[in-house]
Amino acid sequence: RQTRRGLGIKACTITNCKIRKEMHFDRKNYFYPDNPKNYQITQNETPIGYDGYVEIEDNGVKKKIYIEEMHIEEDTCKSTHRNDSTLLDFNRAGVPLIEIVTKPCISTPEEAKLYLEKLRELLFYADISDCKMEEGSMRADANISIRLKGAKEFGTRAEIKNVNSFRALVRALEYEFERQAEILEEGGSVVQETRLWDDNSGTTSSMRGKEDAHDYRYFPEPDLMPLEVSQEWVDKIAREMPELPAQKLERYQSIGLSEYDASVLVNQIDMALYFDKLIEQKADPKTASNFLMGEVAAYLKEEKINIENSKLSVENFVKLLDLLKKGIISNNIAKGLIIDILKTGEDAAVLVEKKGLSVISDESSILPIVQKIVASNPEQVAAYKGGRDKLFGFFV
C-alpha cells in the first residue's frame with residue numbers, strides 16, 4: 001500500500017501533534033528480563049510529537065483527549081505470564097514503535113475505550129498500523145489514579161499491563177478503581193507500581209515497583225546521530241495522506257448515503273474498505289450499503305468473521321447487484337442469494353440459473369399461473385370481493 005517511511009510524522013499529523021524538527025535519541029537504562037541489552041533506545045528529551053489531541057464523542061458530547069507526547073523507541077521482548085512462570089518471546093525485541101502518551105484528562109473507563117477506538121481508526125485509515133491488539137501491533141498500558149472528592153492533587157497512580165482488548169481495558173480500569181477506592185476508604189495509601197491484569201480472574205496483581213524518570217538514568221544515545229525533519233518532508237507526507245474517517249464520512253454522504261448509514265460503514269473499517277471497492281465497480285451506493293449493513297453484517301456477526309474472510313468477493317457482489325438492477329431477480333430473492341454466496345462463494349448468475357429464480361416478466365407466462373391460483377382459492381376470492389383487501393397479499 002503506502003510507503004512505510006515517515007510513519008511517526010503521519011501519526012503526529014492525524015493526532016494534531018506539533019512535530020519536532022530537531023530531535024535526538026536517548027538510552028533508557030534498566031534491568032528487567034524483557035530488556036536483554038539492559039537499555040532501551042527511546043526519545044526522552046525530544047519526542048517526535050507533542051501537544052496534540054484526539055476528539056471523541058460520548059452520547060452526543062464531544063471531548064478532546066489531549067496528548068502529552070509521542071516518542072519513537074525500540075520494543076522489548078513479549079512477556080507471557082502463566083501462573084507463577086513468565087515466558088519471553090525475543091522476536092520483536094529492538095523493533096521500532098511509536099508510543100503515544102495522553103495527559104491525565106480521561107475521566108472514565110468508557111472514555112479510555114472510546115479514545116483507543118478513535119486512535120485505532122485513525123492509525124488504520126492512515127495506513128500506519130493494522131492495529132490488531134491480539135497480535136500486538138497495537139497495545140495499551142493504562143495508568144489510573146483516583147482522589148477523594150474535593151481534593152486538588154492527583155492521587156498515586158498504578159500502571160496496568162497485559163491488557164489485550166478494549167473490553168479488558170474497561171474491566172481492568174473498573175477493577176483497579178474499586179481496589180484503590182477500598183484502600184483509601186480504609187485510611188491506607190496507594191503504592192506507585194506496575195500491575196498485571198488477569199483476564200480470567202478479572203483482577204490485577206503487583207508486578208514491580210513503578211520507577212520515576214530519574215531512576216532510568218537517561219543519557220543521549222551515542223550510536224545514533226541527531227535527526228532533522230524538514231518542513232518539505234512534513235508537507236509531502238500531509239499531501240500523500242490517505243483518506244481519513246472524517247473525509248470518508250463526507251464523501252459517503254455526497255454519493256447519497258444518510259449520515260447514519262455513512263457513520264456505520266466508516267466505524268467498521270473493513271466494511272468501509274470493501275464498500276469503496278464496490279463503488280469503484282460502479283455498484284449503486286445505497287443498495288450496496290443496505291445489503292452490507294443488513295444481511296451481510298448479520299451473517300458475519302453470527303459466524304464471527306469479517307468480510308475479508310468471507311466468500312463474498314467484490315466481483316460476485318457486483319454481479320448480484322447488477323442482476324437486481326436489471327430486474328432479473330427481486331430484492332427478496334437477492335437477500336436470500338447473498339447468504340448462499342457468503343456460505344459457498346458460488347457465482348451469482350449460476351445460482352440464479354440453477355435455482356430457477358429469475359423473475360418472470362412475460363405476461364402470457366404469468367396469466368395461467370394467476371388463473372390457476374384464483375380458481376384454487378374460491379373462499380379467499382369471495383372474501384376479497386367482500387371487502388377483505390388485505391387478502392391481496394395472499395394471492396401475490
Quick one: do [X] and [Y] make a salt bridge, cutoff under 4.0 Å?
X      : Y      : value
Glu232 : Lys236 : no
Lys277 : Glu280 : no
Asp322 : Lys326 : yes
Glu55  : Lys64  : no
Asp223 : Arg27  : yes

> Do Val95 and Ile72 belong to the same hydrophobic cluster, where Ile, Leu, Val, Met, Phe, Trp and Tyr are linked whenever their side-chain heavy atoms lie under 4.5 Å apart, directly or via other members?
Replying inline: no
> Is any side-chain heavy atom of Leu300 less than 4.5 Å from a side-chain heavy atom of Ser310?
Replying inline: yes
Are [X] and [Y] linked by a side-chain donor-acceptor pair shorter than 3.5 Å?
X      : Y      : result
Asp26  : Tyr39  : no
Thr204 : Arg195 : yes
Thr156 : Gln192 : no

> Restricting to pairs with a member in residues 101-117, which pass side chain to side chain donor-acceptor pair (under 3.5 Å), not counting sequence neighbours?
Replying inline: Lys63-Ser107, Lys63-Glu111, Lys113-Glu117
>> Please determine whether side-chain contact (heavy atoms from CB on, under 4.5 Å) holds for the pair Arg171 and Trp197, giving the CA-CA distance in whole Å, both sets of side-chain angles, and the decisive distance to 0.1 Å.
In response: CA-CA 9 Å; Arg171 292 178 64 212; Trp197 168 250; 3.7 Å; yes
> Can Glu22 and Thr46 be said to form a side-chain contact (heavy atoms from CB on, under 4.5 Å), step by step?
Replying inline: CA-CA 8 Å; Glu22 295 182 9; Thr46 55; over 6 Å; no
>> Before you tell me yes or no, could you show the steps for Leu249 and Ser263 under side-chain contact (heavy atoms from CB on, under 4.5 Å), namely the whole-Å CA-CA distance, both residues' side-chain angles and the distance that decides it to 0.1 Å?
In response: CA-CA 6 Å; Leu249 186 68; Ser263 298; 3.5 Å; yes
> Pick from Asp34, Asp141, Asp198: which one makes a salt bridge (Lys or Arg N to Asp or Glu O under 4.0 Å) with Lys161?
Replying inline: Asp141
>> My understanding is that only one of Lys354, Lys311, Lys319 makes a salt bridge (Lys or Arg N to Asp or Glu O under 4.0 Å) with Asp347; could you say which?
In response: Lys319
>> I need the minimum non-hydrogen distance between Ala168 and Asp199, along with the two atoms involved.
In response: CB-OD1, 3.6 Å
> What are the two closest heavy atoms between Ile338 and Lys335, and how far apart are they?
Replying inline: CG2-O, 3.3 Å
Rounded to the nearest 0.5 Å, how far apart are [atom1] of [X] and [atom2] of [Y]?
X      : Y      : atom1 : atom2 : value
Ile14  : Ile9   : CD1   : CD1   : 13.0 Å
Phe31  : Asn38  : CZ    : CG    : 6.0 Å
Leu391 : Asp389 : CG    : CG    : 9.0 Å
Asn306 : Ile269 : CG    : CD1   : 11.0 Å
Lys282 : Lys325 : NZ    : NZ    : 11.0 Å
Trp233 : Ile19  : CH2   : CD1   : 10.0 Å

>> Aromatic contact between Tyr384 and Phe394, with the criterion being ring centroids under 6.0 Å apart: yes or no?
In response: no
>> Under the criterion side-chain contact (heavy atoms from CB on, under 4.5 Å), I'd like the reasoning laid out for Ser289 against Leu265: C-alpha separation, chi angles, the key distance, then a yes or no.
In response: CA-CA 8 Å; Ser289 69; Leu265 286 174; 4.0 Å; yes
> Got a sec, which residues hit salt bridge (charged side-chain N to carboxylate O under 4.0 Å, His left out) with Lys37, two or more places apart in sequence or on another chain?
Replying inline: Glu74
